[in-house]
Amino acid sequence: MKSALIIGIGTFFLASFFSLFSELVLPKIQILLLSFLFLFLIIFLGIIFDIIGIAAAAANERPFHAKAAKKVKGSVQAIKIVRNADRVASFCNDVVGDICGTVSGALGAAIVFQVVLNHPGFNESILSIIMTGLVAALTVSGKALGKKKAIAEADHIVFRVGQALAWMENVMGVDLFSRKSNRKHKDRRR
């Protein structure tokens, strides 16, 4: 219950931040190409986090122990990702994925509004249908391709994310996983 409440509150603030950012920035972007690039960036971000969440759930912990014994950077973080796969998948797939889906829909609507405002002869309904289809097609097809890759290369993806987390922890000095969850050792054998 506590975890769900924390995720809910975190999601509210992240979604509010992204929505506020898109509300403040997008109207100021006069070049339609930049608006589309921002939209594609949000869709791509959702796909990447979906891949990470699925890879965390599909990865095997064992290969990372040998790397950790050799003190390979990122291996300890990769073990933490696998041990906390439920939390990682929930954050990546549910929180970030849903926020990116919501924001990309809002950005698509804002782009349609921009086009109609600058070109009053365009039919808003037809543009809205096309934009909705485009956003949905890019999101769904990207996630479908990503899922296949995430399952096939789960260990490699988790290790790369572990390396990125190790770098972030080194630069920021913040451990993203609490010590409590690390004591719960679940050796995942497949």
Side-chain angles (χ1 to χ4, degrees), residues 1-18 21 40-104 135-190:
M1 184 68 174
K2 181 181 174 184
S3 178
L5 184 62
I6 290 169
I7 287 173
I9 292 169
T11 301
F12 172 79
F13 286 111
L14 279 172
S16 297
F17 170 76
F18 279 117
F21 181 76
F40 294 140
L41 179 69
I42 295 294
I43 292 170
F44 182 71
L45 186 68
I47 293 168
I48 292 298
F49 272 85
D50 193 64
I51 290 169
I52 293 169
I54 291 168
N60 189 351
E61 184 177 326
R62 274 194 231 164
F64 305 122
H65 287 285
K67 290 179 181 181
K70 294 176 185 174
K71 301 194 185 293
V72 176
K73 287 192 180 198
S75 55
V76 171
Q77 288 77 7
I79 292 168
K80 290 177 184 180
I81 291 168
V82 175
R83 288 184 182 173
N84 294 283
D86 60 332
R87 290 170 51 196
V88 172
S90 179
F91 175 77
C92 290
N93 299 96
D94 298 334
V95 176
V96 176
D98 291 350
I99 290 171
C100 287
T102 303
V103 171
S104 64
V135 169
L138 290 173
T139 303
V140 171
S141 62
K143 287 186 177 188
L145 289 171
K147 280 178 181 31
K148 187 174 183 176
K149 184 171 182 66
I151 292 169
E153 300 178 29
D155 294 347
H156 177 72
I157 292 167
V158 168
F159 180 61
R160 291 295 179 207
V161 173
Q163 288 178 317
L165 289 178
W167 179 81
M168 284 175 53
E169 288 174 6
N170 188 36
V171 170
M172 292 191 226
V174 177
D175 184 1
L176 297 176
F177 296 98
S178 69
R179 299 232 183 260
K180 237 195 273 185
S181 64
N182 292 336
R183 287 188 204 137
K184 296 179 186 175
H185 177 66
K186 295 180 183 176
D187 188 12
R188 298 174 53 158
R189 295 184 175 105
R190 299 193 312 158

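The figures that follow rest on heavy atoms only: side chains count, while hydrogens, waters and symmetry mates do not.
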Show the nearest heavy-atom pair for residues [X] and [Y], with the distance to one decimal.
X	Y	value
Ser75	Val72	OG-O, 2.6 Å
Lys73	Gln163	O-CG, 3.4 Å
Val158	Ala78	CG1-O, 3.7 Å
Gly162	Ile81	N-CD1, 3.8 Å
Cys100	Ile42	O-CG2, 3.5 Å
Ala55	Ala154	O-CB, 3.6 Å

Flag, side chain of Ser90 to backbone of Asp86, donor-acceptor distance under 3.5 Å: no
A side-chain contact here means heavy atoms from C-beta on lying under 4.5 Å apart; do Val88 and Val161 qualify? no
For residues Phe64 and Asp155, determine if any side-chain heavy atom of one lies less than 4.5 Å from a side-chain heavy atom of the other. yes
For Phe40, does the CZ atom sit with more than 12 other heavy atoms under 6.0 Å from it, leaving out its own atoms? yes
Would you compute the distance between atom [atom1] of [X] and atom [atom2] of [Y] and round it to the nearest 0.5 angstrom?
X	Y	atom1	atom2	answer
Ile51	Glu153	CD1	CD	9.5 Å
Ile52	Ile157	CD1	CD1	8.5 Å
Leu138	Ile47	CG	CD1	7.0 Å
Ile99	Asp94	CD1	CG	10.5 Å
Glu169	Lys80	CD	NZ	5.5 Å

Going by the side chain to side chain contact (heavy atoms under 4.5 Å, CB included) test, name the single residue among Asn93, Thr139, Leu45 that passes it with Asp50. Asn93
